[in-house]
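Report on the following structure.
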Amino acid sequence: MRISKMLFVTKKEEPADAEVRSHALMVRAGFIQQIAAGIYVYGPLMWRVLRKVEEIVREEHDKAGCQEMLMPALQPRELWEESGRWERYVSEKILYHFEDGRGREVCLGPTHEEVITNFVKGKLNSYKQLPQTLYQIQTKFRDEMRPRFGLMRGREFVMKDAYSFDADAEGMAASYAKMRQVYRNIFSRCGLRFTPVEADAGAIGGSGSEEFMVDAETGEDAIAVCHATGYAANTEKAVSRIAAPPEPAAEVAMHKEPTPGAKSCDDLVALFPDLPVERMLKTILYRATWADREQTVAVMCRGDREINTIKVLNHLDALAVDLADEKLVKQATGANVGFAGPIGLSDDVLLLADSSVEGVKGFLCGGNETDTHYLDVWFGRDLEQPLTKDFGMVQAGDQTVDGEGTIEITRGIEVGHIFQLGTKYSESMDCRFSDENGKLQPFQMGCFGIGISRTAASAVEQGHDEGGMIWPLPIAPYHVMLIQMRAGDEAQEALGQELHDQLTAAGIEVLWDDRKMGAGGKFKDADLVGIPLRVVVGRDAADRKVEWKPRTGGETEVIAADDVLGRIQAALEEAGCA
RNA sequence: CGGGGUGUACCUCAGUGGUAGAGGGGUAGCUUUGGGAGCUACCAGUCGCGGGUUCGAAUCCCGCCACCCCGACCA
C-alpha cells in the first residue's frame, strides 16, 4: 500500500492527556482517536492490528475445537433477572441500560454468560453432546467508573469470550486446562512476554481462576512471583509465609499507655522506639455490605503487614467491603480514627484477625479511646484471639508458603482471564442436560475472556522506545515498511514498485512510503509507527541495492534488492508467522 | 461516586478587564532532498455552555457540562 494514497496522518506533538506510552504513541501515530472518555475510534492501522490479534485468537480456538458464533450486544433485562445479576450490575453502575421505545428495559452486554446459557438451553440436552466450547469476538460495553490509559480501560472494547459446557467437574477442569494452553499459545504467538497467575474470581464467580498478565511496569495489577518455585499470583489472591515476630523479653501485665496524636504505626514507632513494629497490631474497620444488610467489621493484622480486603470480602461472602468512614469508626470504637483495637469494641462489631497476628506476644494495640493504646497485650491472657485466617496482602521478600523461595512483586496488564464457573449460571437459569441415568443435571461451565484491544495496547506498552512503537511482527499492522527516499526519482520509483509487487505477491504486507517529503520525516514516521522490518530504497536504487534496517537492533545493512524477499521470509519464520 | 485539575484554531499551548496570539499543521509558489529543511503569502477560533458584574469579559462572579489525574471494579 502506498502511503501517499492512504489516510496516514501523524502528529509531532504528544496528546496532552495521555498518561501511558501506548496511549500517547497510538494517538500520535493516528491509530486511535478518543471521542469521549474511554471511547475510541480505531483507525485503519489500528484495525489491522486488532484483526491480526483476532485471527491468532480464532486460529488457536478453532484448533482446540472451539466454535465461533456471535451474540447480540443488546440484551433484555429479563435474561439478567434470571441469573440475578441485573440488580448488582445496575447498583454497581457497570451496566449501560435504558428503556427502548416501547418501554422495555435493555442493556448493552458487558459479558455474555446469560445469553450463552440461554442459547444452549434446549439445544444441549444430553451428556452425549458434551463437552462443547463456544466463543465470540465482539464489542463489550462497561460503564467503567474510571476509564483510563487509552485502550487499556475503555468503556467500549473488543473482547473474545468463550464458554465451556461440561457434564461434571472433571470435565470442566479438562476444558479449563485446554483453554489454559490455548491462552498460552495465543499470547506467545502475539509475541508478548506474559505471566499466567492465580487470580481471584471476583464478580464473575466460580471456583478456580487464572489471569494472563503481560509484563509491564505500567500495568494496573500487582503480581506476586517467585522465580525459584514458579509461583505466580495476583496480589489480590496471593499467599505467603512470613517471618515470626520477635519475642518480648519478659511477660508484663497489660496496661494503658497515653499515645497522644499517634494514629499510625509510624507515629507509634517514634513513640516506642524499642518496640518492634511486628508487635504492634493494627485494627482496621470496614463496612461490609450484603444485599440485605450491613455490618461493621474490624480486622487485625501485624503492624508491618497490610489487610487484603478482597480476602475479607470473600470470607464474608459480602457484596462489598469498604473502609469505614470517620463516623462509623467513632461509633464502633468510641474514639477518633487511629485508636481502634480489639478490646472494648462496640458489641455489634465483628472482629477478625489476619494470620500474621498468630504468635505475637506482648503486643501494642489501639485502646478504643482517643490518644490511648494498650501495651503488653497477650492473646489467651488478656483477650481471646479472634477468628484468625489469611486476610493479609503479600509483600516483597515474603517466603512462598512451601518456604522454598522468596516472593517479589511485579506489575502486569491483565489481558486474559479464565474461570471455572461451576453451576452458577446453569443453576440460576435452570439450564440442564440429561446424564447417563436420565437425570437432569446443571452444566458445569467455564468462561474465558481475552481483551483484544487491550492485548494490542499492551504490546505497545511492552514494545516502544523514544522514537515510537515497536510492534511484534505477528501483530504489526504491516510486515515491512518500504521507504522510498525520493519521490519522483525514476530508479527509486521503479525499484520500489518492483519490490512492492514482488513482496505483495508473496503474501507480505508492505507499507510503501512514497510520499514527497524530506527523509527526516519519513524516518521519524517509520520509527513512530513501528513496523518491525524496514527496507530503504535510496541512492543505490539504480544498482539494485537497498538498505535493510529493522526497527530495532542491528546496523543498517546494504543488500541486493533480490535478497529482500528472502530476508523478510526468514524474519517471518523466526517470529512464528510464516 | 468522593478529592484535585484543565477547557482558547485540526494539534501543543501563551494570553489577569480595553482590537484573540505563537509554534506545529494545511494550501499555493520558489528553493531544498539520507533523521521532522528555508523563505513568502494564505487557511484556520461563537475563547466548553448558560447566566451575572461592567461603558467594556477569554480574563471577575455563579451555575452547568466535558475531559484529565488520585482512590473502590474488571478484559
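Residue numbering restarts at 1 for every chain, and letters A, B, ... go by the order of the sequence lines.
The salt bridge (Lys or Arg N to Asp or Glu O under 4.0 Å) check on A:E114 picks up A:R85, with sequence neighbours excluded.
A cation-pi arrangement is present between A:R48 and A:Y478, with the terminal nitrogen or guanidinium carbon under 6.0 Å from the aromatic centre and inside a 45° cone about the axis. A cation-pi arrangement is absent between A:K424 and A:F419 under the rule of less than 6.0 angstrom and at most 45 degrees off the ring axis.
Protein atom CE of A:M517 is 13 Å distant from nucleotide atom P of B:G34, rounded to whole Å. Distance, A:L323 CG to B:G3 C1': 15 Å, rounded to whole Å. The NZ-C1' distance, from A:K11 to B:G24, rounds to 9 Å in whole Å. Atom NZ of A:K12 and atom C1' of B:C10 are 15 Å apart (whole Å). One can place CD1 of A:I450 at 19 Å from P of B:C74, the figure rounded to the nearest angstrom. Taking atom CD on A:E211 and atom P on B:A75, their separation rounds to 8 Å, with Å as the unit. Taking atom CG on A:D17 and atom C1' on B:C10, their separation rounds to 15 Å, with Å as the unit. Atom pair A:Q136:CD and B:A75:P shows a separation of 14 Å (rounding to whole Å applied).
A:E547 contributes a side-chain N or O that forms a donor-acceptor pair with the base of B:G34 under 3.5 Å. For B:G34, the base has no donor-acceptor partner in the side chain of A:K524 [N/O atoms by modelled type, under 3.5 angstrom]. Remark: the A:R28 side chain and the B:C11 base include no donor-acceptor N/O pair separated by less than 3.5 Å. In this model, a side-chain donor or acceptor of A:R153 finds a partner on the base of B:C74 within 3.5 Å.
Residue-level contact check: A:E14 touches the backbone only, with heavy atoms under 4.0 Å from sugar-phosphate atoms and none from bases. Note on A:D161: nothing from the nucleic acid sits closer than 4.0 angstrom, heavy atoms only. Among the protein residues, A:G518 comes within range of no part of the nucleic acid, since none of its heavy atoms lies under 4.0 Å from any strand. No contact: A:D143 has no heavy atom under 4.0 Å from any strand. Among the protein residues, A:I94 comes within range of the sugar-phosphate backbone only, with heavy atoms under 4.0 Å from sugar or phosphate atoms but none that close to a base. Within the nucleic acid shown, A:G467 has no heavy atom closer than 4.0 Å to any nucleic acid atom. Among the heavy atoms of the strands lying under 4.0 Å from A:K549 is at least one base atom, whether or not backbone atoms are also near. When heavy atoms are screened at a 4.0 angstrom cut-off, A:G520 is found touching the sugar-phosphate backbone but no base atom.
Closest approach of A:F8 and A:T10 over heavy atoms only: CE2-CG2, 3.8 Å.
With both ends at atom C1', the span from B:U12 to B:G18 equals 28 Å, rounded to whole Å. With both ends at atom C1', the span from B:G21 to B:A9 equals 10 Å, rounded to whole Å. Look at the C1' atom in both B:C60 and B:U16: the space between them is 9 Å, to the nearest Å. Nucleotides B:C55 and B:C62 are separated by 22 Å at their C1' atoms, to the nearest Å. Rounded to whole Å, the separation between the C1' atoms of B:G38 and B:A66 comes to 41 Å.
Searching all strands for a Watson-Crick or G-U wobble partner of B:C73 with both distances below 3.5 Å returns nothing. The partner of B:C67 is B:G5, judged by Watson-Crick or G-U wobble contacts that both fall below 3.5 Å. Pairing for B:G45 is absent, with no Watson-Crick or G-U wobble pair whose two atom distances lie under 3.5 Å. Pair assignment for B:U53: none, as no Watson-Crick or G-U wobble contacts are both less than 3.5 Å. Partner assigned to B:A28 is B:U40, using Watson-Crick or G-U wobble distances below 3.5 angstrom. Pairing partner, B:G35: none, since no Watson-Crick or wobble contact has both distances short of 3.5 Å. Nucleotide B:G17 forms a pair with no other nucleotide shown, judged by Watson-Crick or G-U wobble geometry with both contacts under 3.5 Å.
Distances shown here put a side-chain N or O of A:Q34 below 4.0 Å from the OP1 or OP2 atom of B:C68. A:R146 has a side-chain polar atom (N or O) that falls below the 4.0 Å cut-off from OP1 or OP2 of B:C69.
When the nucleotides B:C68, B:G35, B:C11 are ranked by their closest atom to the side chain of A:A37, B:C68 comes out on top. The side chain of A:M145 lies closest to B:C1, out of B:C1, B:C74, B:A75. Of the candidates B:G36, B:C13, B:A75, the closest approach to any side-chain atom of A:A16 belongs to B:C13. In this structure, the nucleotide among B:G34, B:C1, B:U12 sitting nearest to the side chain of A:E13 is B:U12.
Mapping A:R454 and A:K522 onto RNA chain B by nearest heavy atom places A:K522 closer to the 5' end of the strand.
The ring pair (Phe, Tyr, Trp, His ring centres under 6.0 Å) contacts involving residues 533-559 of chain A comprise nothing, where partners must be two or more places apart or lie in separate chains.
The side-chain heavy atoms of A:N234 and A:D200, taken from C-beta on, include no pair separated by under 4.5 Å.
Atom NZ of A:K263 has 12 or fewer neighbouring heavy atoms from other residues, nucleotides or ligands inside a 6.0 Å radius.
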